[in-house]
A.B. asks: 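The structure is given below, and queries will be raised subsequently.
Below, chains carry the letters A, B, ... as their sequence lines are ordered, and counting in each starts from 1.
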Amino acid sequence: MRLFNSLTSRVEEVVPTHPDGVVRIYGCGPTVYRQAHLGNLRTFLLTDLVRRALEFEGRTVLLITNITDVGHMTDDSSGQAVDRMQIAVEDEGLAPPEIAEKYTKAYLEDSAAIGILASHVYPRATDHVPEMIELTETLISRGHAYIADEGSVYFDVRSFPGYGKLSGNSIDELQPGHRELEVAQGKRHHADFSLWKSAGAGRLMRWDSPWGEGFPGWHVECSAMSMKYLGERFDVHTGGNDLKFPHHEDEIAQSEGATGHRVVSIWAHGGHLRLSGQKISKSTGNVVLVSDLVEQGIDPLAYRYLTFQTRYRSEMDLSLDALEAADRGLRRLRQRMAGWAGTPPPAERSDAASGLDRRFREAVADDLDMPRALVVLNEAVSSAEVPDGEKYALLASWDSVLGLDLERSAREDVELPPDVQDVVRRRDDARAAGDYATSDSMRERLTGMGYEVMDTAGGTRVRRRA
RNA sequence: GGCGGGGUGGCCGAGUGGUUAGGCAGAGGUCUGCAAAACCUCGCACACCGGUUCAAUUCCGGUCCCCGCCUCCA
């Protein structure tokens, strides 16, 4: 499988660096002081897709997703730097660990709802403060970091020649204090970033350190945890485009500064999701959640389907129209599947099916070209050469990458409750007898039970109405 | 100021130097006790201005506009 590497701006083959052949992936995970929105989820979907695509090829994957539960992030909506965790604590009347627990759970539920497979480890930042302190000490001893007067530790960007290689920024061009709220005193260069910050008054989450009470800088978390679980060299690191700078740039500086060598092979960044042309973000407040989809009667997996229609690196515009179109399209697909479910696949795969399968796999392996994969899928759906049973088997196998639960309708058809089956039978009898009045009343009854009625050559077919 | 991504038909969005992306929506039709589903057919594009070319939506130059990052961000 090939992936676009932000570091080299080229599409590169994913080659496991460890001799065990396991592909090691680190995906930047959620901050858990509030609920993840669809924009965040698009990035997590990218990580999931990388993982599924590799497994689809028969690879073994080790996937780590961090949970950022340290309230070191600040919020500038009020024009002042405020600890976001602290805001949540005040708003919800819960202690920081409870807030973190609550939103970690919500994140896992939302992920599952959009078909994201569970990661193998979900390390929490608060469980790894000692590792972060250790990494900071290493960086100090290697001359990449220094202790400022007030008990904070900063990374010295000028000590790391490669600084800027991911984002294309150069130290000289970075504007000082562009958006920095608390202009830190004691930095040697304005681009220096904190590895450890001394805790001011009112800071809820604080730890002891060699430099006094404080809390870790944002970026150390990922360096410390990725190397702890994946080793000093690993294969793929994913994240949203906005993390390129400064987060990942700083992570590279830390990890490579501490080890003296390249740590991550491929950096894969996902494009942002927009809502009516505007970036969706926690700070602008134009947020759509999984629960909003459910309220609109949209299958959360339809969102997953929708994201496949756009290349992962492109920005994508979200609208209710687009979501509804995807929802309808997905439902239709599942119903087509249900229609083929009764036919067994042929003993030998047809040439047509083999060709489609090859093209589908090629598209997925080619830097996750899901729009192309969907074209192949649509060709398969309407192919005159592939028998129904084979179509079913083909799409079902592709669903291990797609994760769209394509077999849902087929499954529901089989699992009709007995009382529904009974009404269906009575309607079929009435129709056979030409008693259309009874037939229509049975239809109404089924509608009342939440089922839509269709006549087919094989008799009444019903499907659950969302 | 620095770095980067875009402007495609009603909507979302692929892609390409000449030949239909696809989905959703719309129109017509087949089928049907009715209805739905399904299937068939159709319409509607490539921001603007120049240039290169036999031929540009696709390449080059310029213009306009939109969006992201530049230490809160997926």
A.B. asks: When the P atoms of B/U57 and B/C64 are considered, how many whole Å apart are they?
C.D. replies: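 Straight-line distance between the two P atoms is 22 Å.
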A.B. asks: Roughly, in whole Å, what's the span from CG in A/Leu166 to P in B/G4?
C.D. replies: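 Rounding to the nearest Å, CG of A/Leu166 and P of B/G4 are 13 Å apart.
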A.B. asks: Are A/Arg427 and A/Asp455 close enough for a salt bridge, meaning some N to O gap below 4.0 Å?
C.D. replies: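 Yes, this pair counts.
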A.B. asks: Students often mix this up, so state it plainly: with edges at 30° and 60°, are the rings of A/Trp267 and A/His237 parallel, tilted or perpendicular?
C.D. replies: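 Ring orientation, 0 to 90° scale: parallel.
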A.B. asks: Salt bridge between A/Asp235 and A/Arg24, side-chain N to carboxylate O under 4.0 Å?
C.D. replies: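 Salt bridge between A/Asp235 and A/Arg24, a charged N being under 4.0 Å from a carboxylate O: no.
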A.B. asks: So does A/Thr47 get a side-chain nitrogen or oxygen closer than 4.0 Å to the phosphate oxygens (OP1/OP2) of B/A74?
C.D. replies: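 The answer is no; no side-chain N or O of A/Thr47 sits under 4.0 Å from OP1 or OP2.
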A.B. asks: Give a yes/no on whether any side-chain N or O of A/Thr31 is located under 4.0 angstrom from OP1 or OP2 of B/A74.
C.D. replies: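 A/Thr31 to B/A74 OP1/OP2: side-chain N or O found under 4.0 Å.
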A.B. asks: Write down the distance separating the C1' atoms in B/A21 and B/A74, rounded off to the nearest Å.
C.D. replies: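 Their C1' atoms lie roughly 29 Å apart.
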A.B. asks: Look at A/Arg359 together with A/Glu379 and state whether they make a salt bridge at an N to O cut-off of under 4.0 Å.
C.D. replies: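 Looking at A/Arg359 and A/Glu379, the cut-off is met.
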A.B. asks: Side chain of A/Arg42, backbone of A/His272: donor and acceptor closer than 3.5 Å?
C.D. replies: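 It does hold such a pair.
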A.B. asks: From C-beta outward on A/Phe245, which listed nucleotide comes closest to its side chain: B/G33, B/A74, B/C69?
C.D. replies: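 Comparing B/G33, B/A74, B/C69 against the side chain of A/Phe245, the answer is B/C69.
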A.B. asks: Figure out the CG/P separation between A/Asp317 and B/U8, and round it to whole Å.
C.D. replies: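 Whole-Å distance recorded here is 11 Å.
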A.B. asks: Phosphate oxygens OP1/OP2 of B/A25: is one of them under 4.0 Å from a side-chain N or O of A/Arg332?
C.D. replies: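 Yes, because at least one side-chain N or O of A/Arg332 sits under 4.0 Å from OP1 or OP2 of B/A25.
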A.B. asks: Taking atom P in both B/U16 and B/U52, compute the distance separating them and give it to the nearest angstrom.
C.D. replies: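 To the nearest whole Å, 25 Å.
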A.B. asks: Quick one: closest heavy-atom pair of A/Ala380 and A/Leu394, and the distance?
C.D. replies: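 Looks like CB-CD2, 4.4 Å.
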A.B. asks: Atom OH of A/Tyr26 to atom P of B/A74: distance rounded to whole Å?
C.D. replies: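 In whole Å, B/A74 P and A/Tyr26 OH are 13 Å from each other.
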A.B. asks: So what stems show up for RNA chain B if we need 3 or more Watson-Crick or G-U pairs in a row, all under 3.5 Å?
C.D. replies: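 In RNA chain B, stems of three or more pairs: B:1-7 with B:64-70, B:10-12 with B:22-24, B:26-30 with B:38-42, B:47-51 with B:59-63.
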A.B. asks: Heavy atoms from C-beta onward define the side chain here; which of B/G22, B/A35, B/C67 lies closest to that of A/Asp455?
C.D. replies: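 The answer is B/A35.
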A.B. asks: Nearest to the side chain of A/Ser319 - B/A14, B/G22, B/C11?
C.D. replies: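 When the side chain of A/Ser319 is considered, B/C11 is the closest of B/A14, B/G22, B/C11.
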A.B. asks: Do any side-chain nitrogens or oxygens of A/Arg443 fall under 4.0 Å of OP1 or OP2 in B/A36?
C.D. replies: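 No.
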A.B. asks: If you only use heavy atoms from C-beta on, which nucleotide in B/G13, B/C69, B/G23 is closest to the side chain of A/Thr310?
C.D. replies: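 Closest of the options to the side chain of A/Thr310: B/G13.
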